[in-house]
Every structure is written in structure tokens, then in C-alpha cells.
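Taking it in order: structure first as C-alpha cells, then the write-up.
What's counted below: heavy atoms across the whole structure, side chains too, no hydrogens, waters or symmetry copies.
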Amino acid sequence: MLRGLTATDKKLWQLAVPMILSNISVPLLGLVDTMVIGHLSHEVFLAGVAIGSSVTSFAFMLFLFLRMGTTGLTAQAWGEKQPNKLRQSLLQPLLLALAVGLFFALFHHPLTEWILRVMGTEQRTGDQAAIFLSIRWLSAPATLANMVILGWLLGVQYAKAPLILLIGGNTVNILLELLFVLHWHYAVSGAAWATVIAEYFSLLLGLYLVWRVARQRHLSLKLHWAELTHGLSRLFRLNRDILLRSLLLQLCLISFTIIGARLGTSIVAVNAILLMFITFTSYALDGFAYAVESVSGEAFGEKNSAALQAIWQSACQQAAIVAVIFCIIYGCFGERIVRLLTSLPSLQQEASHYLFWQAICPIIGVWCYLLDGLFVGATRGREMRNSMLVAALGFAITLLSVPVIGNHGLWLALMVFLALRGVTLGYAWIAHRRNNSWFDLTR
């Protein structure tokens, strides 16, 4: 597969392929969720899981800085050949992740009640969402810690480790869900418990992989208090910007679900199915973004402009080809994919009205994914935050079309959101290149 490619292309694929495969396992898990719940007796189960999953995704993705910040700082330490910084980039965010996760787990009941009151969903759908949420919050310590572990493994360019971690955990999740839901008929609670158990399995597996990598790299993970407190200001500043960026991102995504829910149970169920297309695409293309994160951070640590430019050009070329392939697949086989996701004829018919949005999404979204990777590796959180602000404003303005064109307005807003992220980050990247300021974090 690598024949005829440049050395940079080969490095990109060597990093990206394991990450693409591991990333694809994540939406495959959601795919199984949708298929299993979508084949139950009533659409209210699918709607409840969709809302519950959206809520937990919103909460956990607010802490995506735990993964993104860890990757950037670790990759830079890797480029600088600084073992103390490598240890620091793991232990500092890991302790933070466990502390925040315990808060979610301890206060999951009042948290669930408050969220569902705010959302104002139909009673039956809200009941199912409450069942899912009350269980899913228990996985918070493991879920957030897994973000840190994954980010650290990406930063040290141990590409096979994320593949093992994500596929291992998601395989456990899928098997348990089939057992709990289809065999033991636990419905929504079965889907939630499967995820909780799988998250803690992933945590144990991830800790083993970190230990293995540290031994291979001759890196001591012994805790030093001075290292834990050193550099906290930079860590919190970076995390603050990425937190605000993640907050804006998740507000847009949860708004998509909330507005869809207010359009009716059938719409929120259909959108849950159609979001599988976008989720699958984004996770696949994020494999390239993760590769760019790792190499961008290493190049930043080495101050190697030529290596950075080479990997960026290669990533654009290869990812664009993959995005076009996704466009063709969704355009030609979208209806068949929907029939695999649900056996309910009403949902199949409703979904067919919105499939063209899935066909154009990959080529619109690929650029923001790649640019995210570039800016994460350079730990340029401020630009990422500002870009997301512009995109969120565009999303909000486009939502004004929903009362006129209904669910199409929601999908239009999502496309505008993706496009603006790519345009604004692209402008910032070009400006840094023109001013030769990429490696200067003060500018």
C-alpha cells in the first residue's frame, strides 16, 4: 500500500492507519448501540439512548482538553527529548481526570434530574434517558482517565497502543451489549452497563500499555511532587482555551439534539441514525488528524519547519482522497446503510429525506479535522478557541432557518459549523506561515 509514496507519506500512513482503525471502532460501537436498540419494539428506546448518549458526550467532551492537551504537550516533550516533561505530561492531567470523574460519579442522580428538566423531553423518552444516564455517569473516572492515557500514547507516537486500547474496550462493550440487551433483555439499562464495564476494562488495559511503553522507552513513572506542580500555569492556560473550545463545540452538538427532540420523537430518532454517518466519517478522518497532532508536536519541540510543512501537505492530499471516497459511498449506499441501522419503516422513510447531507459532509469537514490536529500539536489553544467561537456563531445564525425548513435547517447549520471551523483555522495557519511565527507561542 505504501509503494510509490514519499518518506513523509509513509510516516503519515504508519501513524494514521492504526489510529484510523482504532477510531473506526468508536462509531462502530455507536453503530451497534443504534442497531441493537433500533430493533427493539418502539422508537422511544432509541430516542432515550440518543438523548442520554448526547448528554454524556456533551459532559465528557467538555474535558476533551485532557486528551488534546496531553497529546500536544507529550509530543513536544518527545521532540525535545525531555523525559521529565514526558512523565509530567501524563501524571498531571491523569490526576485531574480522576478527580473530575469522581465528582460526576458521586453526584450522578441530581445531575441527571437537573439535565432532563432543562431538556424538557417527552415523558416516555425522558424516562428511558434517565435510566441510561443514572448508570452511564458511573463510568466518568475511567472515561476521563482514558482520554489522558490515549493522548499520552499518541504523543509518544506509539500508534499500535491506541489501536489495542480502543478496539479492546469497544469489543468488550459490543459483546456485553449484545448479551445484556438481546439475550437478557435489559434494554436501555443493558446498553448503559455495557459501556460502564467496558470503560473500566479500557482503563486497566490503558495503564498496562503506558507501563509497557515507559519500559520500552526507559522512562521512569515514579511520582515527583516538584514535577507535578511545575508548569501548571501553562497546562491550565492551554486547558482553559481548549475547554472553552470544547464547550462551544458541545453546545452546538447538544443544541442539535435538543432542537431535534422538540421537533418530535421521530426526528430525534432519525437524526440519531444519521449522525452515525458523520460520527463514522469524523473518527476515520481524525486518524489523519491524530497523526498530524503527533508529528506537529514533535516538529514544534524540534523547531523543524520543513518536517511540519511536509507532513501537512501529505495529510491534506491523503485525507482529501479518503473524504471523497466517503462521499461516494454515502451517496450510493446511504439508504442501504439506514436499513441496517433500523428495521422501522417509518424511520427508514424519514431518513431518506436527509441523506444528501451525509454525502457532502466528509469533504466539508475534513479540513477542520486536519487543522485541529495541526493546532493541537503546537498547543495553540487560543486560535482553536477563537475559531470555534466564529463557527458557533455561524451555527446559531443558521438555526434561524429551522422554523422555515424544519430538520433540513439543523443539518444546514451543522454544515456551516464545520465549514467555518476549517476556514478560520486555515486563515490562522496561513497568517502564521506568512509571519514566520508558528513556533512562537507569544504571538
Side-chain angles (χ1 to χ4, degrees), residues 18-40 45-61 63-64 66-67 97 101 104-105 108 128-129 131-151 153 160-209 272-273 275-284 286-287 340-342:
M19 296 175 190
I20 290 172
L21 293 176
S22 60
N23 279 353
I24 287 175
S25 72
V26 178
L28 281 178
L29 172 62
L31 188 69
V32 172
D33 279 344
T34 304
M35 290 178 66
V36 171
I37 303 299
H39 283 80
L40 295 179
F45 295 112
L46 180 58
V49 170
I51 291 174
S53 297
S54 296
V55 168
T56 52
S57 292
F58 173 82
F60 294 148
M61 288 301 102
F63 298 91
L64 191 60
L66 292 168
R67 206 280 304 160
F104 279 111
H108 64 278
Q128 296 302 317
I131 293 172
F132 183 90
L133 287 169
S134 64
I135 299 169
R136 181 69 171 91
W137 290 126
L138 300 178
S139 70
T143 300
L144 299 181
N146 287 336
M147 290 183 184
V148 175
I149 291 171
L150 177 59
L153 293 171
K160 291 182 180 179
L163 179 65
I164 297 169
L165 180 62
L166 291 177
I167 290 183
N170 290 335
T171 299
V172 170
N173 199 335
I174 289 171
L175 293 176
L176 289 177
E177 183 161 4
L178 293 173
L179 176 65
F180 292 167
V181 178
L182 295 185
H183 185 67
W184 288 343
H185 307 293
Y186 288 152
V188 171
S189 63
W193 277 117
T195 303
V196 171
I197 295 171
E199 289 285 5
Y200 282 98
F201 172 84
S202 295
L203 176 59
L204 294 176
L205 180 59
L207 291 172
Y208 166 74
L209 292 174
I273 293 171
L275 282 172
M276 287 293 101
F277 289 77
I278 292 180
T279 303
F280 193 88
T281 303
S282 65
Y283 274 102
D286 262 346
L340 290 175
L341 295 176
T342 180

Distance-only, no hydrogens or angles: does the Asn146 side chain make a donor-acceptor pair with backbone N or O of Glu199 under 3.5 Å?
yes
Taken in chain and number order and not counting sequence neighbours, the residues that satisfy side chain to side chain contact (heavy atoms under 4.5 Å, CB included) with Leu175 are Thr171
d(Thr143 OG1, Phe104 CZ) to nearest 0.5 Å is 10.5 Å
When rounded to the nearest 0.5 Å, the distance separating CD1 of Ile149 from CG of Leu209 is 8.5 Å
Heavy atoms of Ser202 and Gly169 approach each other most closely as OG-CA, 3.1 Å
Heavy atoms of Ile135 and Val196 approach each other most closely as O-CG2, 3.3 Å
Residue set satisfying ring pair (Phe, Tyr, Trp, His ring centres under 6.0 Å) with Phe180, at least two apart, ordered chain then number -> Trp184
On a heavy-atom basis, the closest approach of Tyr200 and Leu138 is OH-O, 2.8 Å
Using the ring of each side chain (for Trp, its six-membered ring), is Phe60 parallel, tilted or perpendicular to Trp137, with breaks at 30° and 60°? perpendicular
Looking only at heavy atoms, the pair that brings Gly101 and Ala140 closest together is O-CB, 3.5 Å
Between Ile131 and Ser189 the two heavy atoms that sit nearest each other are CG2-CB, 3.8 Å
task: Report the C-alpha distance between Leu144 and Val148 in whole Å, list the side-chain angles of each, state the deciding distance to 0.1 Å, and finish with yes or no for side-chain contact (heavy atoms from CB on, under 4.5 Å).
output: CA-CA 7 Å; Leu144 299 181; Val148 175; over 6 Å; no
When every non-hydrogen atom of Leu176 is compared with those of Ala194, the smallest separation belongs to CB-CB, 3.7 Å
Interatomic distance, CD1@Ile167 vs CD1@Ile174, rounded to 0.5 Å, equals 10.0 Å
